[in-house]
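Taking it in order: structure first as structure tokens, then the write-up.
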Amino acid sequence: MSRSQLSTFNSQLRPTPLSASFYEPSAEFVAPKLLGHFLLRRAPDGAWAGGAIVESEAYLANDPACHGFRRETARNRSMYGPPGRAYVYFIYGNYFCFNAVCAGKGVAEAVLVRAIEPTFGEEWMRKNRPVTKERELTSGPSKLCLALHIEREFDGADICSLKSDLIIAGNPDVKRFVRARGPVVTATRVGLSVAEHMPLRFYLDGSEFVSRRQRTFSR
DNA sequence: TAAGTGATGCAT
DNA sequence: TGCATCACTTAA
């Protein structure tokens with residue numbers, strides 16, 4: 001499907017949110033399974049904007065890099081809630097990041113969505129985040145939050161309900177998409193100073209929108 | 001490569 | 001209280 005065809009398709013898009021049970025397993029298993037599915041935000045005109053997830057990271061209950069590793073606080077509360085909710089946090093005084101909460105209530109696990117391919121509503125995204133290169137639109141966890149206008153108000157939102165303005169919807173062609181953009185690369189997570197060797201980052205190597213390639217060497 | 005931004009968490 | 005750190009982005 002071409003870009004203009006997708007744009008037309010968008011006006012009739014009837015997304016089917018992934019169910020809460022999808023997020024019930026550990027984030028370690030959910031993160032790679034999210035690749036290819038659609039992160040969607042309802043724009044003010046009612047149309048859905050967003051696109052296919054191409055990069056994700058898992059944060060686990062027994063993982064020192066996880067915000068919920070120590071104890072429940074006001075900031076990380078939604079991570080402790082039921083699966084299928086959003087955990088949105090503010091970082092570096094400027095930006096937001098979006099996570100899908102996983103595992104049962106009381107277990108602080110989540111998947112950080114690090115990059116998507118802009119598939120629907122690109123015009124609205126570009127209005128939110130003016131860039132010259134399309135690749136810059138959503139190739140990073142806070143870039144995609146800017147493009148989709150995901151802010152603190154979405155922390156705790158139900159991403160499994162069409163009543164929400166922020167959902168993750170099943171891609172009916174997910175297998176084909178993953179094959180086309182594959183292979184899936186498993187790598188270490190970005191920007192950590194603890195637990196940096198855990199292989200909990202997943203991305204589609206064939207996508208232009210992956211935030212950064214795996215570092216082959218570092219000194 | 002480094003500055004900027006403000007919330008968080010741990011040490012005082 | 002203070003201060004280092006932080007799941008990042010931008011401009012250079």
Side-chain angles (χ1 to χ4, degrees), chain A residues 23 26-35 39 53-81 83 85-103 107-118 125-157 159 166 168 185-204 208-215 217-219:
Chain A
Y23 304 96
S26 170
E28 179 173 7
F29 301 111
V30 177
K33 282 181 63 184
L34 276 175
L35 298 176
L39 176 63
I53 296 168
V54 295
E55 180 180 351
S56 62
E57 283 179 357
Y59 287 85
L60 310 180
N62 65 348
D63 159 17
C66 179
H67 289 169
F69 178 63
R70 290 164 199 284
R71 65 186 183 283
E72 182 175 338
T73 65
R75 180 212 207 188
N76 63 29
R77 185 145 300 144
S78 36
M79 279 188 104
Y80 284 81
R85 305 293 179 88
Y87 167 48
V88 177
Y89 66 89
F90 186 60
I91 185 85
Y92 296 114
N94 277 302
Y95 302 106
F96 292 94
C97 292
F98 164 80
N99 297 249
V101 174
C102 295
V107 182
E109 301 208 354
V111 174
L112 171 69
V113 175
R114 288 194 53 91
I116 67 172
E117 291 202 5
M125 289 193 271
R126 280 181 176 274
K127 212 163 71 177
N128 295 330
R129 176 172 163 77
V131 290
T132 50
K133 294 183 217 158
E134 188 191 33
R135 205 201 86 83
E136 286 303 309
L137 193 54
T138 52
S139 55
S142 295
K143 294 178 184 177
L144 69 88
C145 283
L146 289 167
L148 292 176
H149 202 74
I150 298 172
E151 301 192 347
R152 196 174 269 121
E153 59 178 304
F154 285 103
D155 186 40
I159 58 171
L166 181 65
I168 295 178
V185 173
T186 302
T188 55
R189 296 172 293 182
V190 175
L192 302 186
S193 59
V194 293
E196 63 265 56
H197 300 304
M198 296 173 81
L200 293 174
R201 176 176 179 231
F202 307 92
Y203 62 85
L204 293 172
E208 292 301 302
F209 293 87
V210 170
S211 65
R212 58 181 77 178
R213 303 287 136 181
Q214 184 171 30
R215 234 192 323 236
F217 291 98
S218 70
R219 280 183 309 113

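Labels below follow one simple rule: chain letters A, B, ... track the order of the sequence lines, proteins then strands, and each chain is numbered from 1.
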Would you check if the distance from the ring center of A/Tyr89 to the ring center of A/Tyr87 is below 6.0 Å?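 That pair passes the under 6.0 Å test.
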In whole Å, what is the span from the [atom1] atom of [X] to the [atom2] atom of [N]?
X        : N     : atom1 : atom2 : value
A/Tyr87  : B/dA7 : OH    : P     : 14 Å
A/Arg212 : B/dT1 : CZ    : C1'   : 13 Å
A/Asn76  : B/dA7 : CG    : P     : 16 Å
A/Glu72  : B/dG9 : CD    : C1'   : 16 Å

Do the side chains of [Y] and [X] get nearer than 4.5 Å, heavy atoms only?
X        : Y        : result
A/Val190 : A/Arg114 : yes
A/Arg126 : A/Leu137 : yes
A/Cys66  : A/Leu60  : no

Could A/Arg152 and A/Phe96 be counted as a cation-pi pair, given that NZ or CZ must be under 6.0 Å from the ring centre and within 45° of the axis?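 Because its charged atom misses either the 6.0 Å distance or the 45° angle limit, A/Arg152 does not stack over A/Phe96.
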Compute both the distance and the angle, then confirm whether A/Arg71 meets the cation-pi test with A/Tyr80: under 6.0 Å from the six-membered ring centre, within 45 degrees of the axis.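 No.
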Nearest heavy atoms of A/Thr186 and A/Pro199, plus distance in Å: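 Looking at all heavy atoms of both residues, the shortest contact is CG2-O, 3.6 Å.
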A/Glu72 atom CD, neighbour heavy-atom count above 12 within 6.0 Å: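 Correct, the count exceeds 12.
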Find which nucleotide of DNA chain C each of A/Val194 and A/Ser139 is nearest to by heavy atoms, and output the residue with the more 5' nucleotide.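 Taking each residue's closest nucleotide, the earlier one in sequence belongs to A/Val194.
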Can you confirm whether the side chains of A/Thr138 and A/Glu117 place a donor and an acceptor under 3.5 Å from each other?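 A/Thr138 vs A/Glu117: no donor-acceptor pair found between side chains.
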Judged by modelled atom types alone, do A/Ser78 and A/Arg85 share a side-chain donor-acceptor pair under 3.5 Å?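 A/Ser78 vs A/Arg85: no donor-acceptor pair found between side chains.
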By the 4.0 Å heavy-atom rule, please label A/Arg75 as base, sugar-phosphate, or nothing.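 Since only primed, P, OP1 and OP2 atoms lie under 4.0 Å of A/Arg75, the category is sugar-phosphate.
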What is the 5' to 3' range of DNA chain C, first to last nucleotide, that sits under 4.0 Å from any heavy atom of chain A?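 Nucleotide range with atoms under 4.0 Å of chain A: C/dC6 to C/dT10.
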A/Glu57 bridged to A/Arg189 by N-O distance under 4.0 Å: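 Not counted as a salt bridge, because no side-chain N and carboxylate O are separated by less than 4.0 Å.
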Polar atom pairs between nucleotides 2-4 of chain B and protein, under 3.5 Å, N or O only, would you list them?
none

Any chance you could encode DNA chain B as dot-bracket? Rule is Watson-Crick or G-U wobble with both distances under 3.5 Å; [ ] for pairs crossing earlier ones, | for another strand. ||||.||||||.
